Amino acid sequence: MANEQRTRQQIRLEQQKSKKKTKGKTGKRGIFKKIFLALVAIGLIGLLSGFGLFVYYASSAPPLDEESLKDPISSTFLDKNGEAFYTSGTENRIYVNFDDIPQQMEDAILATEDVRFYDHMGMDFLRLGSAVIANVTQGFGAQGASTITQQVVKNSFLQNEKTLKRKAQEAWLSFQLERAYDKEEIFEMYFNKILMSGRNYGFGTAADYFYGKELNELELHEIAMLAGIPQSPNNYNPFNNPELAEKRRNTVLHLMELHGKITTEEADAARAIPVTETLIPEDQRQASSELKYEAFIDIVESELNKIDPSLLSEGITVHTTLDPAVQTKVEEVINSDIYATEKQQAGIAVVDPKTGALVASGGARNYSNRGWNYAYDNKDRQPGSTMKPLLAYAPAIENLNWSTGQTVVDEQITYTGTDQVVRNFVDRYLGPMTMREALYRSQNTPAVKTLREVGLDNSRDFINRFGLGIENVYESSVLGGIEGISPMTLAGAYSAFANGGYHAEPYAIEKIVYRDGETEDVLKNDLETVMKDSTAYMVTDMLRDVLENQNGTGQTAAVPGIDLAGKSGTSNYSADEIAANNLPSGSFPDTWFAGYSTDYSVAIWSGNSKRSEPMTSAEERRVPQQMFKQIMTTISANAADFSRPNSVVEATIEVGTSPLQLASEFTPSNLRRTELFVRGSEPTAVSDEYELTELPAPTGLAADFDESNASATLRWNYEAPEGVEDVEFVVSVRVNDGGAQEVDTTSDTGLIVRDLQPGNTYTFSVVATAEGISSAPATVSITLAEEQEPEEEEPAEPTEPTEPEPGEGEGDENGNGNGNGNGNGNGNGNGNGDESEEPTEPGEGDGDSEEPTEPTEPGTGEEETNNN
């Protein structure tokens, strides 16, 4: 029974285990089934929701409009005052009908943009799938999938935004467009409204713009070039970016060959032709006479292209930084007869230092949008000595607390690790000088030596605060040997000196408002601190002397009455360039001037369009300075003066001391300089190089005799040397041939000497004394006449009085007459009358009838002066 019972128990256990297994399998299958059903439900819900969302978005899509489909949508540019100055659109467009489009042109466009154009219904799902895979594997944006139909729709009705709404509306309108128009009509729309760089729309316009040809005159390599442009119109502009344009053209040729539109031989032959070979020469590109501010418009379009190449075709409103008054002045100057030669060109950029906004630009002399914009595109011309403040002197103040009076030695040196001598423009060396003098004279060796003190890495880090993006700084960089810089960027860098160390990368667009009137992008750059205010002001103060000092290299740029600072610059040819082009001695390719007031920062480049064509004269070199002067005279007429910050102090130093020392009382005036210091770094030690060794003698010594009190008044002049105080004067006198006797010592410049005796010669001397040092004497002499004693006379015999005739009288040989007449009397002029006699009439007496001579004062002598 036990075995039987156990057997039953085992059976029951086995049955229970079997049920558990069956239940477990059933449970797992149930979970998977539930998950699957849930996913299906979610998918259906998502599909229905997506479809509903698509329907909702599609229902809000704008209606098809034939005018919008065929014509480009206008975009408007506003100046800083909110006034419209340019509207893009169909102003110069050449419209081409489909039947007039060459087959090879159509093949090139389809091979590049939409090879299945004639097979799809607006959306190419095969291409869409390929793009999705590429975007997953290679990153979002790796490949686009827009068909020509979609591009027409987007450029006609929709904003270029990456949203589901825009994509849904684009797909819906593309299907609608394919139903409403045939393929040829859609292709014609695309062909005539697509942006082809700048403000040129359509392939017909581009053919004339780049080649001056009709479409049926184009060669294969030209067709391929045009077909490649729409992907990035300004980047693939062969005028401005020939290398990029040629790569893009060759890509189009490859695609045409890949899709069987041309043979390999045809593709190779077209690739062998340089992309610039058949472009319209620059001197034949005519400016648009009706378009204002063309150079500035081109810069705005270039900035838009950096954001999105298709933005201009979306009907946007662009708020720019243009100041029409400044722009008008710049264009007046750049198009004037200021140039030294007919070939000389120029580029000008004007930046507001307080914001970084580009307010005006001069693209070129008689600029055309078909040309090179020297204000913006000119990034391959070396800037010469305009780099000295940015790479050497400003970093020295910022990092090393150098004073503007820092002693630098102008002497022959070589570039580190080479035998190449660093030469100055004047080809001579001037010895010890202040950093200020080195800058306004633009001496090269002090700049190189200062850069060494700063350190190449520190210098690179400093200049890249201005957005220059310089990878490496070398010793030659401080003399302008860098990759190149545009006037717009250089004006922005110098604006930081004008604005107390604050800088924003120059920009031409404040904000973009999209077609809906509500969506906007604010693009203005914010100010950032790139240097201390002490550095900015001290550099500014030195750059003032570039214009104001008689030895400054920028005197031509100075404007009387306006506080300006700036720096000239000239680049040089390498020895290889001189040899290869057989260039004359002293020739140069570029000349610059960068300067500023408190209101505007201006950078100007000038040169010939081809670097290999040299400039050779001083007149050519001065053109940027003359332009700067004319522009600033107008636009900065009311600019405030630069204000010294509290972080900067003055001190009078002795030039040549190292470390700097204060000038002493005896430092010669030609070695005394009042220079600027970062507060707390000014010197306290006084130079003992010079001591007081001699004093100048008094000048203008004179003596005036006063008979009434027998005294002489001495007077003299004296100018003490700088730093000498408490000068005293020792007055001595020598009587006749006797020895000198000291009379008195006084700190005044005058003295009265009394008790002088007649008949003597007195020689007075005055000696200046200070700090134990005496000057040479100044002397003056006077001689006093002897006093004459009256002679005793015999009394006259008495005679009978007679009635004298009027005017007659008797007088002795000494002139002593009798009576009251006006005869010749004695020394006092008095006649001797007889008291017992009747007085005679006035005018009668014993004497001759001549008028008496004027008696001389007794004791008067002659003065002799000998002032040393």
Side-chain angles (χ1 to χ4, degrees), residues 378-396 408-430 433 435-460 462-464 466 468 470-487 489-490 493-494 539 542-543 546 551-554 566-578 583 585-595 603-607 611 614-615 621 624-625:
N378 200 32
K379 300 170 185 175
D380 60 347
R381 295 298 188 104
Q382 294 181 340
S385 292
T386 61
M387 288 293 99
K388 288 175 181 174
L390 292 166
L391 282 171
Y393 298 120
V408 292
V409 181
D410 183 23
E411 60 188 349
Q412 180 173 311
I413 60 173
T414 59
Y415 290 108
T416 300
T418 75
D419 295 329
Q420 184 179 350
V421 174
V422 179
R423 300 192 180 279
N424 291 321
F425 177 74
V426 294
D427 205 22
R428 61 191 175 95
Y429 306 99
L430 304 178
M433 60 179 60
M435 179 170 71
R436 178 190 297 276
E437 183 176 2
L439 182 53
Y440 70 67
R441 286 183 179 271
S442 200
Q443 297 296 95
N444 289 340
T445 61
V448 173
K449 293 169 77 173
T450 300
L451 176 62
R452 290 175 180 173
E453 292 292 325
V454 171
L456 299 181
D457 290 343
N458 290 333
S459 178
R460 180 202 61 214
F462 182 85
I463 198 171
N464 282 334
F466 303 91
L468 270 68
I470 296 175
E471 294 184 4
N472 296 294
V473 168
Y474 307 98
E475 289 180 353
S476 61
S477 301
V478 75
L479 308 182
I482 62 175
E483 294 93 344
I485 184 172
S486 71
T489 302
L490 186 60
Y494 269 65
V539 170
M542 292 191 294
L543 293 180
V546 173
N551 294 311
T553 60
K567 184 69 187 75
S568 59
T570 304
S571 66
N572 299 310
Y573 289 108
S574 67
D576 291 341
E577 286 178 303
I578 293 174
L583 301 176
S585 175
S587 59
F588 53 95
D590 309 289
T591 178
W592 294 77
F593 192 82
I604 304 172
W605 165 88
S606 186
R611 178 181 163 85
M615 295 182 289
R621 190 189 305 275
Q625 296 187 39

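Remember, it's a predicted structure, so these values are computed and weren't measured experimentally. This chain uses plain numbering: 1 for the first residue, then up along the sequence.
- Counting heavy atoms from C-beta on, the side chains of Y415 and V422 come closer than 4.5 Å.
- Rounding to the nearest 0.5 angstrom, the gap separating the CD atom in E577 from the CZ atom in R611 is 4.0 Å.
- Looking at heavy atoms from C-beta onward, L479 lies out of side-chain contact with M387 at the 4.5 angstrom threshold.
- Among S476, P589, S571, S477, the single residue meeting the side chain to side chain contact (heavy atoms under 4.5 Å, CB included) criterion with Q382 is S571.
- Using a 4.5 Å heavy-atom threshold, the side chains of F593 and S606 count as separate.
- For the pair Y494 (side chain) and T386 (backbone), a donor-acceptor distance under 3.5 Å is present.
- Atom CD1 of I482 and atom CD of E471 lie 12.5 Å apart (nearest 0.5 Å).
- Using modelled atom types and a 3.5 Å distance limit, the side chains of S442 and T553 yield no donor-acceptor pair.
- Residues P395 and N458 are not in side-chain contact: their nearest non-hydrogen atoms beyond the backbone lie 4.5 Å or more apart.
- There is a side-chain donor-acceptor pair under 3.5 Å between D410 and T445.
- When side chains are defined from C-beta on, L439 counts as touching K567, because their heavy atoms get closer than 4.5 Å.
- Interatomic distance, T416 OG1 to E475 CD, rounded to the nearest 0.5 Å: 3.5 Å.
- In this structure, the side chains of N444 and S385 come closer than 4.5 Å at one or more pairs of heavy atoms.
- The environment of CZ in F588 is crowded: more than 12 heavy-atom neighbours from other residues, nucleotides or ligands sit within 6.0 Å.
- At distances below 3.5 Å, at least one donor-acceptor pair connects side-chain atoms of K449 with backbone N or O atoms of V409.
- Taking OG of S459 as the start and CG of N472 as the end, the distance is 11.5 Å to the nearest 0.5 Å.
- With contacts defined as side-chain heavy-atom distances shorter than 4.5 Å, the pair Y429/Q443 does not qualify.
- One distance of note links CD1 of I485 with CD1 of I463; it measures 6.5 Å at 0.5 Å rounding.
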